[in-house]
Amino acid sequence: MIEKPRVRYQRRPGTVGGKLPWNDWRNASTWRKVVQIILLAINLYIGITFYYWVRYFETGGETLYLPRPGGIEGWLPIAGLMNLKYTLETGSFPPIHVASMFLLVAFILISLLLKKSFCSWMCPIGTVSEYTGKLGKKLFRYQINLPKWLDIPLRGLKYVLLSFFLYIAFSMSAQMIQYFMMSPYGIIIDVKMLDFFRHISDFALISVVVLVVLSVFIRNAWCRYLCPYGALLGLFSLLSPVKIRRNVESCIDCGKCAKNCPSRIPVDKLIQVRTAECTGCMTCVESCPVASTLDFSLQIPTQKRQFPLSGIVMMALTLAILFIMIGIAAFFEVWDSPVPDNYWFHIIPNARSIGH
């Protein structure tokens with residue numbers, strides 16, 4: 001067996017024990033936490049505001065009124081898919097829930113440019129799942145790594161779910177999509193989503209509890225095995241020019257990158273990480289003790305030079321894409337759904353009976 005020759009390597013500047021301190025501007029995990037906190041806070045605000053908005057119309061205007069937050073439609077990915085199909089087919093904006101389409105396009109653009117970074121940097125469910133797993137590891141000091149013969153088929157489940165939702169969205173004609181969206185059920189699908197959690201069934205509650213427990217012991221269980229949104233973005237991320245790249249010559253084969261990867265990608269065995277499972281979290285890059293051995297970088301096909309991305313650049317790019325798309329929707333005056341208040345007073349109190 002031929003051993004790899006020992007080489008002297010340069011420890012990363014400013015590192016402590018091979019890792020960047022938490023308050024170093026180059027530390028991607030610090031900036032990723034900032035984005036996670038911002039998006040989690042925004043989604044909490046959206047959820048609370050939307051609840052009070054619904055209650056206002058349920059009580060006939062006797063409770064506190066807060067304007068409907070357009071961001072609630074980020075939680076309507078199927079509506080976003082259907083409206084995207086409508087726009088592609090007709091060349092015009094759909095009649096309602098246009099914000100869901102703009103947010104979906106924003107997340108797709110992020111995936112096309114920066115891998116599946118929406119999942120690790122921005123998704124509130126991904127954030128909760130990540131820290132649930134960290135809490136579980138801290139409390140029990142144990143996590144389950146499923147064997148490959150079971151892990152790989154289970155990862156396929158999210159693609160099965162994605163295929164089902166894509167079939168629903170793209171099997172409908174533009175006329176059918178418009179008819180559905182303008183139906184009473186289509187108009188209040190956001191309210192129906194809220195009611196799912198407010199009046200959760202025993203089966204749904206048990207399912208949520210099981211997923212939470214699994215996330216305690218299996219790292220990112222929902223994201224890894226069941227999230228169809230992540231599956232969709234992962235497919236787009238395969239086209240991203242930004243990838244994790246490993247310098248074989250300076251690599252000391254310590255295996256820390258693969259050990260710390262949340263997606264269990266064998267980074268230490270690859271020259272470029274091309275898999276759809278990579279979320280661009282940059283954990284592997286920060287785990288590497290050798291300077292310039294692992295990079296999350298852009299490589300232009302016509303040039304051999306690579307352009308590494310730092311955590312602060314990732315934060316700026318992800319948030320910029322999101323808010324630019326929101327700004328475009330606001331510019332075209334389609335961020336808010338054009339439904340008059342008198343119709344909300346009529347339909348929201350009867351939301352639970354619609355669709356049954």
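All values derive from a computational prediction rather than experimental measurement. Along the sequence shown, residues carry numbers from 1.
A heavy-atom distance below 4.5 Å is not found between the side chains of Tyr86 and Met101. Within the 4.5 Å cutoff, the side chain of Lys33 has heavy atoms near those of the Gln36 side chain. At a threshold of 4.5 Å between non-hydrogen side-chain atoms, the residues Glu286 and Ser29 count as touching. With a 4.5 Å cut-off on side-chain heavy atoms, Asn247 and Val290 do not count as touching. For the pair Thr87 and Pro94, the minimum side-chain heavy-atom distance is below 4.5 Å. Residues Trp31 and Val313 form no side-chain contact, since every pair of their non-hydrogen atoms from C-beta on lies 4.5 Å or further apart. The shortest distance between side-chain heavy atoms of Leu103 and Ile326 falls below 4.5 Å.
Note on Val209: it does not cluster hydrophobically with Phe203, by side-chain heavy-atom contacts below 4.5 Å among ILVMFWY residues. Hydrophobic clustering places Leu139 together with Leu211 (ILVMFWY residues linked when any side-chain heavy atoms are closer than 4.5 Å, directly or through intermediates). Put simply, Ile189 and Tyr179 are part of two different groups of oily side chains (I, L, V, M, F, W, Y) that touch within less than 4.5 Å, one to the next. Ile144 and Leu135 fall within the same hydrophobic cluster, defined by Ile, Leu, Val, Met, Phe, Trp and Tyr side-chain heavy atoms under 4.5 Å apart, directly or through other members.
When Leu233, Leu235, Leu239, Leu238 are each tested for a side chain to side chain contact (heavy atoms under 4.5 Å, CB included) with Ser111, only one passes: Leu233.
Under the 3.5 Å distance criterion, the side-chain polar atoms of Gln272 are left unmatched by any main-chain donor or acceptor of Lys243. Side chain of Thr275 to backbone of Cys278: no donor-acceptor contact under 3.5 angstrom is found. In terms of modelled atom types and a separation under 3.5 Å, the side chain of Ser129 and the main chain of Ile125 share no donor-acceptor contact. A donor-acceptor distance shorter than 3.5 angstrom exists from the side chain of Arg245 to the backbone of Ser297, with no hydrogens or angles considered. At distances below 3.5 Å, at least one donor-acceptor pair connects side-chain atoms of Asn83 with backbone N or O atoms of Ile96. Ser215 places no side-chain N or O within 3.5 Å of a backbone atom of Asn220 that could act as its donor or acceptor partner. Side-chain N or O atoms of Ser100 include none that pairs as donor or acceptor with a backbone N or O of Pro77 at under 3.5 Å. Put simply, the side chain of Lys192 gets close to the backbone of Ile354: a donor and an acceptor are under 3.5 Å apart. In this structure, the side chain of Trp75 does not engage the main chain of Leu194 through any donor-acceptor pair within 3.5 Å.
Residue pairs meeting the salt bridge (Lys or Arg N to Asp or Glu O under 4.0 Å) criterion with at least one member in residues 83-103, sequence neighbours excluded: Lys85-Glu89. Residue pairs meeting the salt bridge (Lys or Arg N to Asp or Glu O under 4.0 Å) criterion with at least one member in residues 156-173, sequence neighbours excluded: Lys158-Glu277. Counting only residues at least two apart or in different chains, salt bridge (Lys or Arg N to Asp or Glu O under 4.0 Å) contacts with residues 306-328 are absent.
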Could you pull out all donor-acceptor pairs under 3.5 Å where a side-chain atom in residues 222-232 meets a protein atom, sequence neighbours excluded?
unit_1: Arg224; atom_1: NE; unit_2: Asp151; atom_2: OD1; d: 2.9
unit_1: Arg224; atom_1: NH1; unit_2: Ser263; atom_2: O; d: 2.7
unit_1: Arg224; atom_1: NH2; unit_2: Asp151; atom_2: OD1; d: 3.3
unit_1: Arg224; atom_1: NH2; unit_2: Asp151; atom_2: OD2; d: 2.8
unit_1: Tyr225; atom_1: OH; unit_2: Asp151; atom_2: OD1; d: 2.6

Side chains of residues 327-347: which donor-acceptor partners sit under 3.5 Å, not counting sequence neighbours?
unit_1: Ser337; atom_1: OG; unit_2: Glu73; atom_2: OE2; d: 3.1
unit_1: Ser337; atom_1: OG; unit_2: His97; atom_2: N; d: 3.4
unit_1: Trp344; atom_1: NE1; unit_2: Val339; atom_2: O; d: 3.3

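A search for ring pair (Phe, Tyr, Trp, His ring centres under 6.0 Å) contacts involving Phe50 returns Trp53, not counting sequence neighbours. Judged as a side-chain contact (heavy atoms from CB on, under 4.5 Å), and not counting sequence neighbours, the contacts of Tyr52 are Ile48, Leu64, Leu66. Every ring pair (Phe, Tyr, Trp, His ring centres under 6.0 Å) that Phe217 has, sequence neighbours left out, goes to Phe140. Listed by chain and residue number, Phe118 satisfy the ring pair (Phe, Tyr, Trp, His ring centres under 6.0 Å) test with Phe107 (two or more places apart in sequence, or in another chain). Leu319 is linked by a side-chain contact (heavy atoms from CB on, under 4.5 Å) to Val35, Ile38, Leu39, Met122, Met315, Phe323, counting only residues two or more places apart in sequence or in another chain. By the side-chain contact (heavy atoms from CB on, under 4.5 Å) test, Arg219 pairs with Gln143, Pro262, sequence neighbours left out. Residues that satisfy the side-chain contact (heavy atoms from CB on, under 4.5 Å) test with Thr59, not counting sequence neighbours, are Arg55, Glu62, Thr63.
With rounding to the nearest 0.5 angstrom, the CD1 atom of Ile265 is 10.5 Å from the SG atom of Cys257. For the atom pair Cys288 SG and Met282 CE, the distance stands at 12.0 Å (nearest 0.5 Å). Atoms CG and CG, on Leu317 and Leu322 in that order, are 12.5 Å from each other to the nearest 0.5 Å. For the atom pair OG (Ser310) and CG (Asp295), the distance works out to 11.0 Å, reported to the nearest 0.5 Å. For the atom pair Lys115 NZ and Arg274 CZ, the distance stands at 9.0 Å (nearest 0.5 Å). Taken from CG in Asn260 to OG in Ser287, the straight-line distance is 3.5 Å, to the nearest 0.5 Å.
Nearest heavy atom pair, residue Leu40 against residue Pro124, reads CD1-CB, 3.9 Å. Between Asp195 and Ala351, the shortest heavy-atom contact is OD2-CB, 3.9 Å. The minimum heavy-atom distance between Val105 and Met325, with the atom names listed, is CG1-CE, 3.7 Å. Here the closest heavy-atom approach between residue Arg246 and residue Asp253 is recorded as NH1-OD1, 4.3 Å. A pairwise comparison of heavy atoms in Cys119 and Thr279 identifies CB-CG2, 4.3 Å as the closest pair. Taking both residues in full, the closest heavy atoms of Trp121 and Cys281 are given as NE1-CA, 3.9 Å, listed atom of the first, atom of the second, then distance.
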Could you go through Ile244 and Leu294, starting from their C-alpha distance and side-chain angles, then the distance that decides it, and tell me whether this counts as side-chain contact (heavy atoms from CB on, under 4.5 Å)? CA-CA 7 Å; Ile244 298 291; Leu294 272 183; 3.9 Å; yes
Apply side-chain contact (heavy atoms from CB on, under 4.5 Å) to residues Tyr56 and Arg68 and explain how you reach the verdict. CA-CA 11 Å; Tyr56 175 80; Arg68 179 184 180 274; over 6 Å; no
Evaluation steps, side-chain contact (heavy atoms from CB on, under 4.5 Å), between Ile72 and Met193: CA-CA 10 Å; Ile72 192 66; Met193 176 192 63; 3.9 Å; yes
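Using cut-offs of 30° and 60° for the angle between ring planes, the Tyr185 and Phe180 rings count as tilted.
With respect to the salt-bridge test (charged N to carboxylate O, under 4.0 angstrom), the residues Glu130 and Arg32 qualify.
The number of heavy atoms from other shown groups lying within 6.0 Å of NZ (Lys134) is above 12.
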